[in-house]
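Accompanying notes for the structure given below.
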Amino acid sequence: MTQEPTSLLPVWARTPTTRRPKSRRHQLPISSGAMEEADDHRPSSSAARPFLSGLWAAALRRKPLGAHPGPGAGGEGLVRHLGVLELVLLGIGASIGAGIFVVTGTVARDAGPGVTISFVLAGVACVLNALCYAELASRFPAVVGGAYLYTYAAFNEITAFLVFTQLMVDYHIGAASIARSLASYFIQFLELIPFLKGNIPSWIGHGEEFFGGVISINILAPILLIILTAILCNGVKESSAVNTFMTSLKIVIVIIVVFAGAFEVDVSNWSPFMPNGFKSVVTGATVVFFSYVGFDAVANSAEEAKRPQRDLPIGILGSLLACVLLYVAVCLVITGMVPYTLLGEDAPLAEAFAAKGLKFVTILISIGAVAGLTTTLLVGLYVQSRLYLGLGRDGLLPSLFAKVHPTKHTPLQSQIWVGCVAAVMAGLFNVTMLSHILSVGTLTGYSVVSACVITLRWNDKGTSRRSIGSMSIWQEGVLSLVIVALCGFIVGLCYRFNYAIAFMVLAFLIAVAATFALQFRQVYVDPPGFSCPWVPLLPIISVFFNMVLFAQLHEEAWYRFVILSLIAVGIYAGYGQYNAVPSGSEHSAIGYHGVPSEAL
C-alpha cells in the first residue's frame, strides 16, 4: 500500500476507496448501534481533520473476520500441524512449571497451607474465563490473535491495542522470571555432581545482585532463552515435538512426586491452615493466577491447529482442568511434608523432599523442574510471537512483525524480537521485584474476553426495546458491563482495606442491577460451534471475580496498569491510528463493520 510520507492522515483516509459490488453471500449484518457509530465517525473526505477527532474515529473501528487467512505471496504463512493432543499438551506445558516449581513457595510464606485455596480460587476464575475463551476460539477458529483479536472484533481498535500491551508486558515479565528460575534449577541440578557443588559462581545461574537488588546479573538465563528461541524459529512441528516430550515427562514426574510425598505428609503441618487469614489467601490467588495462562496459548494457536473449531475448545478446557488437579495435589503434599515457614522460594519441591532425606526423589524433581520450566518458557515465547504477528498484520505494529518465513513457516522476526526482550530482562533484573506487577495484563485480558462473549451474542435487530435517551441499546449494554467491572473492583477494595460493609453491599447491589439490565434489556443469539453456558450470567460473574482479584494486586501493579495504558495510547496515537489497515491485507480478509462476521 503506497503512503505519502508527509501525510498525517490514517491509511484509510489517504487511500481512495472503491465500492465492491453487493453480494448476498458475503454481506455482513450491521447492528443499529454500529450504524449510528459509523454515521458519527465515518470520514467524509480525505481532507485533514483535527487530530483528536481523527484519533477518536480511528480508535472506534472494529474488525470482523470475513474469511480464512490465506498464505501470502510465495506461499508464506503458518501451517496446520497441531492436533487435539498437541493442543492439550501445549496448554499443560504452558502452565505446569511456573506454579508448582516457582510460585508455590513464595505464596506459601504468606498464605501457609492455604496456598492450596489460592490455587483453587484462581482455578475457578480461570475455568469461567476458559469457557469464554472456548466459545470465542470456536467462533473465530482461523486467525491468530487470541484476546487481542476478540477485543478488536467485539469492541474497538484502541481497546484491543490496550489489551495487547497489558498482556505482552505480563508475558515478557513471566518469560524473564521463568528463565531465571530455570537457570537456578539447572545449576542446582549440576551441583548434584560433587566436584561442582559450591564451585559455580552465583552470577552464572542464581543471580548476583547490585544496587540494592534492583539489578541482578544472570548469565545462564539469556543463554537458555536463545536456545529456545532457535528451536521455535525452526518450525512449529519441531517445537511441538519438544513440548510434547518434555510435557509428558513432566506430568509423569509430578504424579510420582505426589504419590511419593503422600507417604511423608504430617497433617500437623496443615494447622493453622490459613495462618495470616483468608485475605492473604485471596492475595495469593492473584499471584498464582498467572500460572493458569496456558489455555490462552491454545487460543493463540488457531492458525496452526488442524481442526480449530473442534479442537481449540477441547484443548483449552482439557488442559486447564488437568492443571487445576495437579496444582492442588502438589500444594497439599508439599505443605504437609514441611512446615510452610521452611519452604524455599526458588525450589520448594526439591527442598521439601531434601528435608525428608529422599535424595532420589530430589533428583527426579530437579529433572521435572527443568522440563517443566522449559516447556512453560517455550510456549510463552511461542504465544508472544503470534500476538506480535497479529498486530503486524493489522498495521498496529511495523510490518516487520507480519512476516512469515517462506520455508520454516514461523514469524521469524517476531520470534527473535520476543526472545531478545526476554533475554535482556532475565539477564539484568531482579525476579522478586518483577513478580509484584504480574497478573495485571492477564486479569485485564480475561475480563475483556468475558465481556466479548456477551457483546458478540447481542442481536440489535432482534430487540424492539427503546434506547435510553441518545444512547443506543449496544452502548447501554457496554455501560452495564463497565459498571459490573467497576463494582467488582470496589468490592475488592472494600475487602482489602476493611472498608465499611455497607459500601461493599451497595457496590454488589449496583452490579446486580447492571446484570438485570444485561439479562433483560438485550437479545442474545446462539453462536456457531462451542457455546459458553449461562450467558450472560457466567461471563458477568467472570468479569466481577476477575476485578475483585485485580483489587488485591500490589499497588505497584496498579501504577503499572495506568502508566502502561497511557504509554499505549501515546503509541497508538502516534503510530497505530495512521498505519492500521482497515480494508484487509494479504493475510486475511478484513473489513471494519459494526458487528463481526462468523469465522468459518
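This one's a predicted model, so the numbers in the text were calculated from it and none came from an experiment.
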Atom pairs and distances, donor-acceptor, side-chain atoms in residues 118-130, under 3.5 Å, two or more places apart:
{"unit_1": "Ser118", "atom_1": "OG", "unit_2": "Val281", "atom_2": "O", "d": "2.7"}
{"unit_1": "Asn129", "atom_1": "OD1", "unit_2": "Ser450", "atom_2": "OG", "d": "3.1"}
{"unit_1": "Asn129", "atom_1": "OD1", "unit_2": "Ser542", "atom_2": "OG", "d": "2.9"}
{"unit_1": "Asn129", "atom_1": "OD1", "unit_2": "Asn546", "atom_2": "ND2", "d": "3.0"}
{"unit_1": "Asn129", "atom_1": "ND2", "unit_2": "Ala125", "atom_2": "O", "d": "2.6"}
{"unit_1": "Asn129", "atom_1": "ND2", "unit_2": "Asn546", "atom_2": "OD1", "d": "3.2"}

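Counting heavy atoms from C-beta on, the side chains of Trp417 and Ser385 never come closer than 4.5 Å. For the pair Leu87 and Glu304, the minimum side-chain heavy-atom distance is 4.5 Å or more. In this structure, Ile437 and His554 have side chains that are not in contact, with every pair of non-hydrogen atoms separated by 4.5 Å or more. Within the 4.5 Å cutoff, the side chain of Leu553 has heavy atoms near those of the Val440 side chain.
Under a 3.5 Å cut-off, the side chain of Asn300 and the backbone N or O of Asp296 do form a donor-acceptor pair. A distance-only check finds no donor-acceptor pair linking the side chain of Ser138 to the backbone of Ala134 [under 3.5 Å]. In this structure a side-chain-to-backbone donor-acceptor pair under 3.5 Å is missing from Tyr150 to Ala160. No donor-acceptor pair closer than 3.5 Å links the side chain of Arg393 to the backbone N or O of Lys403. Proximity of a side-chain donor or acceptor of Glu135 to a complementary backbone N or O of Leu131 within less than 3.5 Å is not detected. Put simply, the side chain of Lys63 never gets that close to the backbone of Glu157: no donor and acceptor are under 3.5 Å apart.
Ring centroid separation for the pair Tyr446 and Phe295 comes in under the 6.0 Å cut-off.
Heavy atoms from other residues, nucleotides or ligands lying under 6.0 Å from OH of Tyr572 number more than 12.
Tyr495 and Phe278 have perpendicular rings, their planes meeting at more than 60° on a 0 to 90° scale where under 30° would count as parallel.
A cation-pi arrangement is not found for Arg457 relative to Trp534, the charged atom failing to lie both closer than 6.0 Å to the ring centre and inside a 45° cone about the ring normal.
Remark: Phe164 pairs with Tyr388 by the ring pair (Phe, Tyr, Trp, His ring centres under 6.0 Å) rule, at least two apart or across chains. Taking the side-chain contact (heavy atoms from CB on, under 4.5 Å) definition, one finds that Ala221 meets it with Ala179, Arg180, Ala183, Asn218, Ala426, sequence neighbours left out.
A salt bridge does not link Arg386 to Glu303: none of the charged side-chain nitrogens sits closer than 4.0 Å to a carboxylate oxygen. Ion pairing between a basic and an acidic side chain is recognised when a charged N comes within 4.0 Å of a carboxylate O; Asp110 and Lys279 show no such pairing.
Residues Arg139 and Gln309 bring no donor and acceptor atom of their side chains to less than 3.5 Å of each other. For the 3.5 Å distance criterion, the side chains of Ser240 and Asn243 fail to qualify, holding no donor opposite an acceptor.
Just one residue in the list Thr165, Val448, Leu167, Asp394 forms a side-chain contact (heavy atoms from CB on, under 4.5 Å) with Tyr148, and that residue is Asp394.
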What verdict does the side chain to side chain donor-acceptor pair (under 3.5 Å) test give for Gln166 and Ser565, after you've listed the backbone C-alpha separation in whole Å, the side-chain angles of each residue and the deciding distance to 0.1 Å? CA-CA 8 Å; Gln166 296 291 347; Ser565 296; 3.0 Å; yes
